[in-house]
There are 2 protein chains.
Amino acid sequence: MRYGKDHKEETHKRVVDAAARRFRKDGIESTGVVDLMADAGLTHGGFYAHFSSKEMLVKEALVAASMKSRAHLQGQIDEARAEGRDPLEAIVRSYLTITHRDRPDRGCSVAALGSEIARHPRKTREAFTEGLEKTMGIIASALPEAVPNRTERAYAIFSTLIGALQLARAISDSTMSQAVIDAGVTAALQIGRCTST
Amino acid sequence: MRYGKDHKEETHKRVVDAAARRFRKDGIESTGVVDLMADAGLTHGGFYAHFSSKEMLVKEALVAASMKSRAHLQGQIDEARAEGRDPLEAIVRSYLTITHRDRPDRGCSVAALGSEIARHPRKTREAFTEGLEKTMGIIASALPEAVPNRTERAYAIFSTLIGALQLARAISDSTMSQAVIDAGVTAALQIGRCTST
DNA sequence: TGTACATCAGTGAACGCGCGTTCACTGATGTAC
DNA sequence: TGTACATCAGTGAACGCGCGTTCACTGATGTAC
């Protein structure tokens, strides 16, 4: 079948988006090329017309997920600012929720894949790092202007957020899981607000 | 070959310890039963005389790694107390180091496997949770007595530590990686020390 | 004390299966005449 | 306007390989006589 001139590009995007979802849900290694293509409504044979290897799709999926996350983050910040609410509190409270804990496929790819990304090839980690740097800039921009070391605080806040979400997901006891989430909120706000140091 | 009466138990322990190391280095899913047994100097056929499934070994390896971590943690605290240093600072600073970042096989299994553990069966996560609770108790005991909500703070501190170490491992740029580690130290200490809230 | 046998930790071939990747093919459409 | 052909996104069988798991077997030692 011959298709319109944007058709292939659209299919490509569809595979990347489906992969971003699947990877976050089941992990990168657990998800095969067959599953990935099936999720996009295709058969596996066409995969290598779009990506030179599974690793290249991993890279693209991480970049796509990162971009989407930043857009969401920026949206939360803008909305909070428009309504006179604290933008830091807005992003922290919307990140550490039960919904986010229970729907990794729709959420943050760093929380979902953090320990796995560290074991991927340098090129993949470079793409990840690039996205992460931008995300840190956005978090830093949500901090009160009076606060020093905004980038470093953004690093620490994000560390707390992904760590807490991962623990909350791994913990089998729901009370403890909830407590970890609550503790994460308190601590992240504290890191972002404390004017000393 | 017939062996002494403790022989099998010793072999079992050897496999569990080797697995704990390998899992942290390469991930649980990436490591096959053949590799695991080879690391312990055995062939794969005997595996099921020791474990009813790979998942059972995962559970045992997580429990073993958790126990070892707690012993190390307690050692750091005792040493710091004996020398009149702050025990919280001792554990935070010994956790967030370049060495720990670069040697996941010898380090914290939560940082190395966090996002993977969340996808394992309930029984495995229950064993993990049990160990984690004890670890949180030890971290809480390192906090100044004047501080309220010690358990919640321990949760947040540990979240920050594992999140920062994971990011530091995933980031390809060494300057940024170092900055994340430093930011994690500052934040973890701040969470543990701030007497308000 | 010497021989026959039971034990059982560890061996290695084999099982079905899914992995990432390759490739000859299909067939609807756009283009050339 | 109608026909012949080139294009190329997507198909599905096949590749070698490693996975988790099973099982008949080995052979050094402890026990029974």
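Throughout, a chain's letter reflects where its sequence line sits, starting with A, and its residues are numbered from 1. Please read these numbers as outputs of a predicted model, since none were measured by experiment. Every heavy atom of this structure was used, including side-chain atoms; hydrogens, water molecules and symmetry mates were not.
Nucleic acid contact for A:Ser52: none, since no nucleic acid atom lies under 4.0 Å from a heavy atom of the residue. Within 4.0 Å of B:Thr31, counting heavy atoms only, lie sugar-phosphate atoms of the nucleic acid but no base atom.
D:dC8 atom C1' lies 16 Å from atom CG of A:Asp6, rounded to whole Å. Across the protein-nucleic acid pair, A:Asp26 atom CG and C:dC19 atom P stand 11 Å apart, rounded to whole Å. Spacing between atom CE of B:Met37 and atom P of C:dT11 amounts to 7 Å, rounded to whole angstrom units. Between the OH atom of A:Tyr48 and the P atom of D:dT11 there is a distance of 16 Å, given to the nearest Å. Look at CD on A:Glu29: it is 10 Å from P on D:dG20, rounded to the nearest Å. Distance CG (A:Leu42) to C1' (D:dC8): 15 Å, rounded to an integer number of Å. Distance NE2 (B:His50) to P (C:dC8): 14 Å, rounded to an integer number of Å. The distance between atom NZ of A:Lys8 and atom P of D:dC8, rounded to the nearest whole Å, is 9 Å.
Minimum interatomic distance between B:Gly192 and B:Leu143 (heavy atoms only, all atoms of both residues): CA-CD2, 3.8 Å.
One finds no side-chain N or O of B:Ser53 lying less than 4.0 angstrom from the OP1 or OP2 phosphate oxygen of D:dG20.
Figure legend. D:dT22 is base-paired to C:dA13; pairs are counted as Watson-Crick or G-U wobble with both atom distances under 3.5 Å. Base pairing of D:dG30: its partner is C:dC5, meeting the Watson-Crick or G-U wobble criterion (both donor-acceptor distances under 3.5 Å).
No side-chain N or O of B:Ser115 forms a donor-acceptor pair with one of A:Glu116 less than 3.5 Å apart. Side-chain contact, A:Ser177 with A:Arg101: a donor N or O sits under 3.5 Å from an acceptor N or O. A side-chain N or O of B:Thr160 and one of A:Thr160 form a donor-acceptor pair less than 3.5 Å apart.
When distances run from any side-chain atom of A:His7 to the nucleotides D:dG10, C:dG10, C:dT11, the shortest one goes to D:dG10. Closest to the A:Asp35 side chain, of the nucleotides C:dC19, D:dT21, D:dG10, is C:dC19.
In terms of polar N and O atoms assigned as donor or acceptor, the side chain of A:His44 comes within less than 3.5 Å of the base of D:dA13 in a complementary pairing.
Both A:Lys54 and A:Gly45 lie near DNA chain C, and the one whose nearest nucleotide falls closer to the 5' end is A:Lys54.
With a 6.0 Å radius and a threshold of 12 heavy atoms from other residues, nucleotides or ligands, B:Glu130 has its CD atom at or below the threshold.
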